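Reading through the structure tokens given below for one structure.
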Amino acid sequence: MKVERTLSIIKPNAVAKNVIGEIFNKFEVSGFKIIGIKMMRLNKKQTENFYHQHQDKFFFIDLILFMISGPIVVSVLERKNAVRYYRELMGATDPKKAIKGTLRAEYGDDYTANALHGSDSIKSAIFEIDYFFRSDELS
Ligand code: CMP
């Protein structure tokens, strides 16, 4: 297994629930090292560019409006096979279908407000980490 990095976003609905610390604790007890953290509020253009691969999807506008509705917490997580393990920890995209004990089952509200985003491949992780962090901002 290879040590990898993946990008996590705690979405506005989870930030509003005051569970940032709880979620970070779950990252750590699941074997992830948090090597970069930023809290921010995205604008429309930044969000559209970040989610460019979904620009033709029916849910794109709702996703953008939701992601700019409040602060988010972006972090970079490191461990062996980080992309796959982080997606397992998040659970299914639709919180209603996510297995009990996964983060989206616990903190997600619906498809859009599903509490967390995670990179879906190593290639996406490289793009997404670079989108938010300079290399000298990562420990
Ligand atoms: P995320 O991991 O942030 O990546 C893209 C987001 O699009 C996804 O989580 C969901 O919030 C949203 N999404 C994906 N599929 C659907 C869908 N079928 N209906 C509504 N939103 C979706």
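As the structure lists them, so they are numbered: ligands from 1, and atoms in each ligand from 1. Owing to the predicted nature of the structure, the values given are computational and were not obtained by experimental measurement. Just so you know, residue 1 is the first one in the sequence shown, and it goes up from there.
Close approach of ligand 1 to H54 is summarised as follows: ligand atoms under 4.0 Å from at least one heavy atom of the residue are 5 (C). Counting the atoms of ligand 1 from 1 in the order shown, those under 4.0 Å from a heavy atom of L63 are 6 (C), 7 (O), 11 (O). Listed by atom number, the atoms of ligand 1 under 4.0 Å from K11 heavy atoms are 1 (P), 3 (O), 9 (O), 11 (O). Those atoms of ligand 1 that come under 4.0 Å of a heavy atom in Y51, given as number and element, are 1 (P), 3 (O), 4 (O), 5 (C). For ligand 1, the atoms lying closer than 4.0 Å to a non-hydrogen atom of T93 are 8 (C), 10 (C), 14 (C). Listed by number with element, the atoms of ligand 1 under 4.0 angstrom from any heavy atom of H117 are 1 (P), 2 (O), 3 (O), 4 (O). For ligand 1, the atoms closer than 4.0 angstrom to any heavy atom of R104 are 2 (O), 9 (O).
The pair K100-E106 does not meet the salt-bridge criterion, since no charged nitrogen lies less than 4.0 angstrom from a carboxylate oxygen. K33 has no carboxylate O lying under 4.0 Å from a charged side-chain N of E28, or vice versa, which leaves the two without a salt bridge. Using a 4.0 Å cut-off between charged nitrogen and carboxylate oxygen, D109 and K17 count as a salt-bridge pair. Remark: E78 engages R5 in a salt bridge, criterion side-chain N to carboxylate O under 4.0 Å.
The option from F59, F58, F60 that lies nearest to atom 22 (C) of ligand 1, judged by heavy atoms, is F59.
Without hydrogens or angle criteria, H52 side chain to N49 main chain gives a donor-acceptor distance under 3.5 Å.
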Using the side chain to side chain donor-acceptor pair (under 3.5 Å) rule, take N81 and K2 through it: C-alpha gap first, then chi angles, then the decisive distance, then the call.
CA-CA 6 Å; N81 281 352; K2 213 167 129 271; over 6 Å; no
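A centroid separation of 6.0 Å or more is found between the aromatic rings of F32 and Y85.
For atom 11 (O) of ligand 1, the nearest protein heavy atom (residue, atom name, distance) is Y111 O, 2.7 Å.
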